[in-house]
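Comments concern the structure below.
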There are 2 protein chains.
Amino acid sequence: MPAPLLPRDAVVDRLLAAFREHGYDAASLGQLSKITGLGRSSLYHYFPGGKEDMARAVFERVDRWCDAELFGPAGTAEDPDRRLARMIEALDAFFAGGMAACLFGNFVVGSARSIFQEPLGAAFGRWIDGFAALAMDKGIPGPEARRRAEDAVMRLQGALVLSRGLDDPAPFRRVLDELPAQLLG
Amino acid sequence: MPAPLLPRDAVVDRLLAAFREHGYDAASLGQLSKITGLGRSSLYHYFPGGKEDMARAVFERVDRWCDAELFGPAGTAEDPDRRLARMIEALDAFFAGGMAACLFGNFVVGSARSIFQEPLGAAFGRWIDGFAALAMDKGIPGPEARRRAEDAVMRLQGALVLSRGLDDPAPFRRVLDELPAQLLG
DNA sequence: GTCTATAATAGGATAGAC
DNA sequence: GTCTATCCTATTATAGAC
């Protein structure tokens, strides 16, 4: 048997890039094959369930990324301000300064919405929970922390849409800069 | 010649519903034909340029809706608070309480992004300008008004993503409720 | 202005060789 | 694990009758 051209994780990374840029329905197997450098059959070897399997793997990868880079630090003893500073750095890199779309944001339309409805709600819920936990660690009372956390998620999602719509990273930049005061101030 | 089954505006309305729900790339002519009740050939009669023409017509229709329902009232002598209250009502209806996606938001991904890049930036710009004009009418200084207006657009877009992601109208509802204080307070 | 028919292409998915 | 070849469906778009 030939050796794998790419480790599975690398394949999933490239699939992620495609689903972020085109959305679920519009990401064609041809594009996915091209961007991974794998033939259709190789993709089906990794993902027997076809495109839906690929999207599921990508979805889970982003979920794991969030746990590791975003909300993993929440469990540490580090103070909330420093943890948030590291989250902001991670968000900036992950979203390419606001010019890369959010997979979850893309999946609220089209057939992805029905296919991934439950994990999608859970993923957004974890974002809110993660931010709320941070605010509560800072001493902000539960209901207010939750309100701020929801605001943070909305502002990030909205900033990604606006930055891409205007083709200008400034809105996303500003939301990141204001996040410490908005969430923990 | 047979009479038109639907006035052109009604056709565009139904196309809008499809592009909102599926996005540009994923909205197939089959779906568009089905949702309008028109055969493919009739669609090509209305829109000789095919899907791109249909999307253009839909885009312009939303633009006109914004002028009429959202920023048209900005020119009136009515006080800013009342004008905003009417905008909020219009937004609530247009976005079905947060459960209907935004066409502009959908068009920041896939091939729609490259096709509509310029009108898309202009549309988001008009949203910001419209809200900023309202805040300035209320006496808020230019730069601060502009900052609040950008925030308003981001929050609305983000709330639509979040409400659809959570399958819960509450985030959009809250953003609408808080809009008067956030923009004019 | 709408219809049926059709062309040409791209879509998702599978089979079997190596 | 990758490849080529293939199947079937759906896709965009056009032609021509009424």
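Residue numbering restarts at 1 for every chain, and letters A, B, ... go by the order of the sequence lines.
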Kindly work out whether a path of hydrophobic side-chain contacts (I/L/V/M/F/W/Y, heavy atoms less than 4.5 Å apart) joins A/Trp127 to A/Ile140. no
Using salt bridge (charged side-chain N to carboxylate O under 4.0 Å, His left out) as the criterion, list what pairs up with B/Arg8, not counting sequence neighbours. none
Closest non-hydrogen atom pair between B/Ala57 and B/Val12, with its separation: O-CG1, 3.9 Å
What are the residues of residues 11-20 of chain A, sorted by number, that bring a heavy atom to within less than 4.0 Å of DNA chain C? none
Less than 4.0 angstrom from a charged side-chain N to a carboxylate O is my criterion; do A/Arg126 and A/Asp63 meet it? yes
Please determine if B/Arg147 and B/Glu150 form a salt bridge, counting it only when a charged side-chain N lies under 4.0 Å from a carboxylate O. no
Would B/Arg20 count as a cation-pi partner of B/Phe94, with NZ or CZ less than 6.0 Å from the six-membered ring centre and within 45° of the ring normal? yes
Show each protein N/O and nucleotides 7-13 of chain C N/O combination with a separation under 3.5 Å, one pair to a line.
from: C/dG11; atom 1: OP1; to: A/Ser28; atom 2: OG; distance (Å): 3.3
from: C/dG12; atom 1: OP1; to: A/Lys51; atom 2: NZ; distance (Å): 3.1
from: C/dG12; atom 1: OP2; to: A/Leu29; atom 2: N; distance (Å): 2.5
from: C/dA13; atom 1: OP2; to: A/Tyr44; atom 2: OH; distance (Å): 2.9
from: C/dA13; atom 1: OP2; to: A/Lys51; atom 2: N; distance (Å): 3.3
from: C/dA13; atom 1: O5'; to: A/Tyr44; atom 2: OH; distance (Å): 3.0
from: C/dA13; atom 1: N6; to: A/Arg40; atom 2: NE; distance (Å): 3.3

Does one hydrophobic cluster hold both A/Met136 and A/Leu134, with members joined at side-chain heavy-atom distances below 4.5 Å? no
If two hydrophobic side chains count as joined below 4.5 Å and joins carry through other members, does A/Trp65 share a cluster with A/Phe107? yes
Identify whether the distance between the nearest side-chain nitrogen and carboxylate oxygen of B/Asp129 and B/Arg146 falls below 4.0 Å. yes
Output, in order, the C-alpha distance, side-chain angles, deciding distance and verdict of ring pair (Phe, Tyr, Trp, His ring centres under 6.0 Å) for B/Phe104 and B/Phe59. CA-CA 8 Å; B/Phe104 299 153; B/Phe59 197 107; 4.8 Å; yes
Using a strict threshold of under 4.0 Å (side-chain N to carboxylate O), is an ion pair present between B/Arg173 and B/Asp177? yes
Using a 3.5 Å limit on both pairing distances, list the dot-bracket string of DNA chain C from the 5' end; Watson-Crick and G-U wobble pairs count, crossing pairs take [ ], interstrand pairs take |. ||||||||||.|||||||
Charged N-O contact under 4.0 Å between A/Glu21 and A/Arg164: yes
Does a side-chain N-to-carboxylate-O contact under 4.0 Å join A/Arg86 and A/Glu69? no
Within residues 106-113 of chain B, residues whose heavy atoms come under 4.0 Å of DNA chain D: none
For nucleotides 15-17 of chain D, list the nitrogen or oxygen atoms of the protein found under 3.5 Å from its nitrogen or oxygen atoms, one pair per line.
from: D/dA15; atom 1: N6; to: B/Ser41; atom 2: OG; distance (Å): 2.7

Is B/Arg155 salt-bridged to B/Asp151, cutoff N-O under 4.0 Å? no
I need the NE2-P distance between A/His45 and D/dC3, as an integer number of Å. 12 Å
B/Glu178 with B/Arg174: basic N within carboxylate O range, under 4.0 Å: yes
Would you kindly give the CZ-to-C1' distance between A/Phe47 and C/dT14, to the nearest whole Å? 18 Å
Starting at CG of B/Leu6 and ending at P of C/dC3, how long is that distance when rounded to a whole Å? 11 Å
